[in-house]
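Structure first, then comments.
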Amino acid sequence: MAGGAFVLPKARPKGPPYFSRNQVAQALHQVAVLLELNGANVFRVRSYQNASRMLGGLTQDLGELVASGELFELKGIGKGLGSALSQAIGEGRWPDDWIALHTDTPEGMIEMLGIPGLGPKRIKIMNQELGVDSITTLREAAEDDSIAGLKGFGAKSQQRMLDGIELLARFRSRRRLDIGLKYGEAFEQRISKIPGVQKAQLAGSARRRKDTIGDLDLVVAVDDSDKESVSNAILQLPGIADIKGAGDSKISLILDTSIFDENFSIGHIDTNVLDAIGGDDYEQLEAGGTIDAQVRLVSLEVFPFTLAYFTGSKEHNIAMRQRAIDRGLRLSEFGLIPEKDAGDLKGMAAAKYSLSAIDENEIYQHLDLDWVTPELREDTGEILAAQSEELPNLIVQSDIRGSLHNHTTLSDGEASLEQMADAARKIGWNWLGLADHSPSLKIANGANAEDLLAQGELIKRYNSEWASEGVDFRLFHGVESDILEGGKLDHPDDILSQLDYTVASVHAMNKWKGRDEQTNTEELMRCIDHPSTTILGHPTGRILQGRDGYEVDMFAIIEYMAEYNKNGEMKAVELNASPYRLDLDWRLCKFAKTNNVPIIINPDAHSIRGLADIAYGVMAARKGWLESGDVLNSLSGDDLATLLK
DNA sequence: GCCGTTTTCGGCCCGACTGTTTTCAGTCG
């Protein structure tokens with residue numbers, strides 16, 4: 001939780017419900033972490049984590065669930081959590097022991113969890129024995145050699161903590177998807193070329209296309225006889241900054257930018273946004289920096305099992321394992337082994353009894369499931385869907401026929417209208433929407449009404465030219481209007497009504513981040529009420545690894561937009577495809593879909609190259625269960641024109 | 001703290017690696 005303080009969310013002034021879904025999920029997550037640090041039973045901790053995750057993805061109204069008592073029927077909510085949450089949501093008071101955990105646990109102990117190799121147990125011991133309660137006091141204790149003397153600790157772990165503190169200071173723990181994928185693909189290619197390597201494939205959160213990547217997982221198939229030479233060759237590859245560990249089957253590394261053949265550069269984002277998140281510092285961190293990588297060496301027969309296992313997620317794997325157990329099988333990274341054959345054998349020793357599978361598909365078949373595409377493996381309903389042949393037919397990039405939020409030189413874009421249109425045609429799109437910034441956003445050279453309308457005339461001229469030439473391409477004319485005080489838009493109504501559409505976005509982040517969730521949510525609703533508002537742009541304003549978004553109840557916003565759509569007035573939510581944003585979050589896409597709120601994937605391109613960011617938007621959309629029919633991007637120019645009228 | 005159609009008590013996914021040990025605990029994924 002970048003930048004977020006570790007405090008219990010404050011109750012809304014009016015209630016019930018006094019807390020939103022997000023706030024409850026956040027509180028449960030924090031209590032789980034604090035319980036861990038206080039030495040609580042690991043299964044108790046897990047039930048808090050499970051409840052947090054389950055409630056965070058819930059689609060029903062939490063206030064109603066509490067009022068009706070249905071809260072207690074949810075899987076993972078029992079007597080204890082049920083009554084704690086009923087009190088919190090119904091009366092606006094968190095349980096006393098949750099409050100005590102927050103007041104009594106030093107903030108520094110939570111930060112210490114970020115140090116690699118250091119977990120809650122040893123943090124607690126150091127706290128009790130040495131009074132260590134922050135990264136600063138930990139460094140002092142390590143430097144005067146008092147940690148090495150503790151029982152169960154030694155000189156090596158003391159040094160590792162010092163290294164870890166150094167690492168934490170220099171680099172962030174996660175990398176954006178685009179950067180992680182670049183590292184991952186470069187690493188995969190280099191390993192594939194090593195003699196003796198039969199297969200090498202990127203797994204982990206990169207393969208699941210999460211918006212940020214913690215570390216890279218590479219699964220490599222190799223004969224036992226080649227294991228040693230391949231392992232040695234991997235350790236000699238360029239781009240390895242450090243070797244954290246190297247066993248028979250697992251190599252743990254830190255990669256840096258020398259893994260790339262060419263100069264490594266990161267994508268572009270608006271200058272005004274970059275300034276707000278630390279400018280040069282952010283760019284340096286992202287363009288330099290390192291990423292952790294784990295390599296697993298296995299035989300070809302075991303490869304599909306290892307690939308599936310390390311593609312994860314943890315929650316998906318747990319559910320898969322449980323499904324195997326229900327069928328008298330034991331699933332691990334080495335195979336799918338009948339319990340009666342496995343006996344006491346563990347790991348590779350039991351692998352020879354495994355059911356065979358030439359690929360992941362056959363593993364899923366053994367468990368009576370359709371193959372689940374990696375993006376969906378988050379245990380958010382995919383196993384149930386795979387069981388009943390109801391997995392979605394996910395959108396692919398070739399379904400995209402255009403996008404609606406793009407900039408030109410009229411505001412802060414680098415390319416002219418003509419250049420943008422030309423580029424869109426070249427990548428095979430049938431239409432392109434231009435939505436330059438509005439006047440209030442001075443730093444982005446927001447265009448005034450006169451220039452905006454002149455742009456509209458130009459677009460009309462080009463459109464009629466293309467139509468007469470029989471070219472299946474057209475431009476749509478919109479604006480990215482800043483959302484002003486009270487949810488107002490940034491142009492008079494008579495200007496906005498002359499456009500094809502309006503993307504309404506928040507840019508005054510400082511103001512919005514200084515306010516509570518309820519105020520922000522209501523202000524966004526007032527903006528959605530405006531008849532000209534067609535699309536809600538980058539709905540939370542987050543910058544991945546840069547800044548959190550402002551607080552807003554997106555579930556409520558989507559439900560509010562759903563009402564308009566039900567009544568025949570189209571209100572769409574943007575999935576901003578910039579890898580800096582990926583906002584709407586993938587977790588909310590399915591919620592928008594089930595509420596029949598259309599989604600538009602927008603690259604927010606500020607240059608020709610920026611259009612290519614659509615790829616990351618499609619990845620996020622797939623992760624969010626979206627099919628081509630759920631997004632406006634798949635419409636023909638004619639159908640979109642009809643819809644916008 | 002949650003859960004249950006062989007269960008209201010005794011389980012809760014499973015294995016590798018590291019550093020500390022002389023058989024194991026902590027951490028990670």
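These numbers come from a predicted model, not from an experiment.
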In whole angstroms, how far is the [atom2] atom of [N] from the [atom1] atom of [X]?
X: N50(A); N: dC2(B); atom1: CG; atom2: P; answer: 11 Å
X: I318(A); N: dG15(B); atom1: CD1; atom2: P; answer: 14 Å
X: F43(A); N: dC9(B); atom1: CZ; atom2: C1'; answer: 14 Å
X: M112(A); N: dT27(B); atom1: CE; atom2: C1'; answer: 15 Å
X: L28(A); N: dG1(B); atom1: CG; atom2: C1'; answer: 11 Å
X: Q294(A); N: dG29(B); atom1: CD; atom2: C1'; answer: 7 Å
X: E339(A); N: dC14(B); atom1: CD; atom2: C1'; answer: 12 Å
X: I125(A); N: dT20(B); atom1: CD1; atom2: P; answer: 13 Å

If you check the [X] side chain, which of [options] turns out closest?
X: K156(A); options: dG19(B), dA16(B), dG1(B); value: dG19(B)
X: F334(A); options: dG29(B), dG1(B), dA16(B); value: dA16(B)
X: D215(A); options: dG1(B), dG15(B), dG29(B); value: dG29(B)
X: K75(A); options: dG26(B), dC12(B), dC3(B); value: dC3(B)
X: N41(A); options: dG1(B), dT27(B), dC13(B); value: dG1(B)

Quiz prompt | F310(A) vs K314(A), nearer the 5' end of DNA chain B by closest nucleotide | solution =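 Comparing both residues, the 5'-ward one is K314(A).
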Quiz prompt | Upstream residue (5' side of DNA chain B) when K151(A) and R321(A) are each assigned their closest nucleotide | solution =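 The answer here is R321(A).
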Can you tell me how far [atom1] in [N] sits from the matching atom in [M], rounded to whole Å?
N: dA25(B); M: dT20(B); atom1: P; value: 16 Å
N: dG26(B); M: dT21(B); atom1: C1'; value: 13 Å
N: dT22(B); M: dG29(B); atom1: P; value: 28 Å
N: dC13(B); M: dT27(B); atom1: C1'; value: 16 Å
N: dC12(B); M: dC28(B); atom1: P; value: 23 Å
N: dT5(B); M: dG1(B); atom1: C1'; value: 23 Å
N: dC2(B); M: dT7(B); atom1: C1'; value: 14 Å

Self-check item: Ionic contact status for E360(A) with R377(A), cut-off 4.0 Å
Solution: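 Looking at R377(A) and E360(A), the cut-off is met.
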Exercise. If dT8(B) has a Watson-Crick or G-U wobble mate with both distances under 3.5 Å, name it; if not, just say none.
Key: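 Its partner is none (no Watson-Crick or G-U wobble pair with both distances under 3.5 Å).
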Does a side chain donor of either [X] or [Y] reach within less than 3.5 Å of an acceptor in the other side chain?
X: Q49(A); Y: H29(A); result: no
X: T380(A); Y: E378(A); result: no
X: E333(A); Y: T306(A); result: no

Over all strands shown, is [X] touching base, sugar-phosphate only, or nothing at heavy-atom distances under 4.0 angstrom?
X: A324(A); result: nothing
X: S249(A); result: sugar-phosphate
X: Y309(A); result: base
X: L35(A); result: nothing
X: A148(A); result: nothing

Looking only at side-chain N and O atoms, does [X] come under 4.0 Å of OP1 or OP2 in [N]?
X: S157(A); N: dT20(B); answer: yes
X: S313(A); N: dG29(B); answer: no
X: R122(A); N: dG19(B); answer: no

Self-check item: Aromatic F555(A) / basic R21(A) pairing, under 6.0 angstrom, 45° off normal
Solution: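 R21(A) over F555(A) ring: yes.
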Quiz item: Between Y183(A) and F260(A), does the ring centroid distance fall short of 6.0 Å?
Solution: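 So the answer is yes for these two rings.
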Quiz item: Of the options D215(A), T212(A), D211(A), which is the one that meets R174(A) in a side chain to side chain donor-acceptor pair (under 3.5 Å)?
Solution: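 For R174(A), the side chain to side chain donor-acceptor pair (under 3.5 Å) test succeeds with only one of D215(A), T212(A), D211(A), which is T212(A).
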Practice problem: Determine if the base of dT20(B) is syn or anti; take syn to mean the glycosidic torsion is within 90° of 0. | Solution: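 Here dT20(B) takes the anti form, which means its glycosidic angle is more than 90° from 0.
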